[in-house]
There are 2 protein chains.
Amino acid sequence: MRDVAAEAGVSFKTVSRVVNREGGVSPDLVERVEKAVAALGYRPDHRARLLRRSSTAPATIGFVWIDIANAFFSSVLRGIEEVADTRDCLVLAGSTEWSPERERRLVDALVERRVGGLIVVSSGAAAETLQSEMQRGTPLVFLDLEPGFDVVDLVRTDHRAGAVKATEHLVGGGHTDIAYFGDNLDIFSASERLIGFQTAMGAAGLQVDDKQVITGSHSGDEWREIIRSFFESSEHHPTAIFTTQNFVTLGAVQALHDLDLRSTIAHVGFDDIDLSEAVTPGVSVIPQFPRQLGRRAAEMLFNRVETDNAEPVRVVVEPPLIERGSGEIRPSR
Amino acid sequence: MRDVAAEAGVSFKTVSRVVNREGGVSPDLVERVEKAVAALGYRPDHRARLLRRSSTAPATIGFVWIDIANAFFSSVLRGIEEVADTRDCLVLAGSTEWSPERERRLVDALVERRVGGLIVVSSGAAAETLQSEMQRGTPLVFLDLEPGFDVVDLVRTDHRAGAVKATEHLVGGGHTDIAYFGDNLDIFSASERLIGFQTAMGAAGLQVDDKQVITGSHSGDEWREIIRSFFESSEHHPTAIFTTQNFVTLGAVQALHDLDLRSTIAHVGFDDIDLSEAVTPGVSVIPQFPRQLGRRAAEMLFNRVETDNAEPVRVVVEPPLIERGSGEIRPSR
DNA sequence: GATGCCCTTGACAACGTTGTCAAGAACAGC
DNA sequence: GCTGTTCTTGACAACGTTGTCAAGGGCATC
């Protein structure tokens, strides 16, 4: 900026005025400054600007998510960006890949960059930083997971109700012997879904066999192997399965296809997947609406910027069930 | 920081020393300062820190991409994050959703935030800003697309060679009548793929019928409709199709499935998709390796930070062909 | 021609941090 | 006890910008 001022033969305050279109600068000076700006390729330094300015509207918001490979969160991010874009706001996104350590570091890094707000898919690892940041007045919205401490704003799917719905659907189709494949139970959404499964099974008077509850954190290909060997090895086959995450569902579809069991074993998944209609039979699912969750969370965030003392908002969306064939297979025995 | 200094009864320089673990501070002062930091929930302001510091290693890099809904770019981002993470570097990601206007704004915003480097999937819209930023010495790596001006570092798939390979595969299987479905031609990769298709067709002495080259920018569901009505309406059916982007491939698999043509029409796609093995027949593809492209780009970026005068690097990866069944169907006529 | 007003411009402080340097204390060696 | 060295600490400038205020010039009004 100093260089631009020298080039144009004015003080740097005048440059500042021109760059920010404050007005009150004579036309020829404006022109001289603009020429100098163009000649030197000058860009204002956003950080210094924010440092000085008693800015109100956030120019950057942060998004901390858990798994970059999962299309669910990509769609969430898309929803967030759509809303942020209308406010000329950038999204600083970082994924933790399930590591509490990384969650702490990421949240710290974002807080240190003084983002105007934060949307977090939090395991609760960064609770301390998040809470002190909340006290500083930074808007904070939690998404998908309950972080395990008192939370102001939160948006998520009703994981438990969705799992109940899926299980009831299978039970209603005549299945009494249902296997469960899902994410690690230290993840809030995963444990909620298992609780939903157990609740619905219990309500139907059915027993849950521990050997038929398989949990863990794996890629789609790993799940494919796990589910294939589950069906290959166990003498006792369930007549239906409930897969409670999109990778698990993808793996299960592949595995059942490999074993030519897709028309025999009933299957409902949590989260929608691509090509769910192109396989035979189609994959029945409890879909989530990640893009809308993202939009909703971002709107809540900006809302909190504007109205400081608003009541806490908790949005918990009950998901529907989409029948496509795989969930409607009757038990063969 | 001033508050912390007051609370601990020291000067703020001492606080700075403690926070940055510079050493040379007596143990009891360290303890007092740390207590004050904890009590007040103090976080250093990263922006101010960078403003002062003659820092070398970048703390933030930017990634500008074109389509957040496309899993290809999510994987690229993942690769970038993996590398950035090892350098304690955050990734500021923004998607342009194909809008040149948005590309300009995003690149400007990142430059103004003084990112330490930039990985760009650029249509060329922000050429001016990017070039002046390159002159400022900011490391810059282009990914996937040629932006239409002289470029220093670039990583991409060899779109043309991949398309040639796919087309030759279909031609080699006996097909002479092949339809092409792909992205808008003002996108570099799309036009390259079409050129590859045309080249291989020409080399085989085959004619390309303009009515069988369908291009546009659509979602998977839209492509499903387009391809379904293409096969429903035209009296003349091609015996094979080449779909040159993952959404198009997804749509085509669905559409052919809807019409019960998946075992009749040969099909090769560009970009791999989920469940490509679970459908019948499996989907033959020219896969890209987005995560590796991202890793490669990030490594080049950091490399350029370290060695300033390095030669320009262009990495153009020739993709393989994966046979899964759909591409090996013989023409029925 | 003096006064008052507005319009343009620049000097300076401030934002929150780190780098530089010097002051002061503590200690060792003569 | 004096000198020199080291260790701890703080004062101050600087990073690049914007907010505040005052100075100076031009113009209208009396």
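In the text below, chain A, chain B and the rest are named by the order of the sequence lines, each starting its count at 1. Keep in mind that this is a model prediction, so the values were computed, not measured. Hydrogens, waters and symmetry mates are skipped; everything else that's a heavy atom, side chains included, is used.
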Spacing between [X] atom [atom1] and [N] atom [atom2], to the nearest angstrom:
X: H46(A); N: dT17(D); atom1: NE2; atom2: P; result: 12 Å
X: L50(B); N: dG19(C); atom1: CG; atom2: C1'; result: 15 Å
X: R113(A); N: dG16(C); atom1: CZ; atom2: P; result: 18 Å
X: D45(B); N: dT18(C); atom1: CG; atom2: C1'; result: 13 Å
X: E22(B); N: dT18(C); atom1: CD; atom2: C1'; result: 8 Å
X: N20(A); N: dG16(D); atom1: CG; atom2: P; result: 17 Å

Is [X] reaching over with its side chain to a backbone N or O of [Y], donor-acceptor style, under 3.5 angstrom?
X: H46(B); Y: L110(A); result: no
X: D85(A); Y: E81(A); result: no
X: W65(A); Y: A93(A); result: no

dG19(C), OP1 or OP2 - any side-chain N/O from R52(B) closer than 4.0 Å?
no

Is the shortest side-chain N/O distance from R47(A) to OP1 or OP2 of dG16(C) below 4.0 Å?
no

Protein N or O to nucleotides 6-11 of chain C N or O, pairs below 3.5 Å:
| from | atom 1 | to | atom 2 | distance (Å) |
| --- | --- | --- | --- | --- |
| dT9(C) | OP1 | S26(A) | OG | 2.9 |
| dT9(C) | OP2 | S26(A) | N | 2.8 |
| dT9(C) | OP2 | S26(A) | OG | 3.3 |
| dG10(C) | OP2 | S11(A) | N | 3.2 |
| dG10(C) | OP2 | S11(A) | OG | 3.3 |
| dG10(C) | OP2 | T14(A) | OG1 | 2.5 |
| dG10(C) | N7 | R17(A) | NH2 | 2.6 |

Could you tell me if R87(B) sits above the aromatic ring of F302(B), with its cationic atom closer than 6.0 Å to the ring centre and no more than 45 degrees from the axis?
yes

Need to verify one output field. Residue with the more 5' nearest nucleotide on DNA chain D, V19(A) or R2(A)?
R2(A)

Select one nucleotide: of dC15(C), dT18(C), dG19(D), the one nearest the side-chain heavy atoms of M1(B).
dT18(C)

Take a 6.0 Å sphere around CD of E128(A) and say whether it holds more than 12 heavy atoms from other residues, nucleotides or ligands.
no

Going by the salt bridge (charged side-chain N to carboxylate O under 4.0 Å, His left out) test, name the single residue among R113(A), R47(A), R114(A), R136(A) that passes it with D45(B).
R114(A)

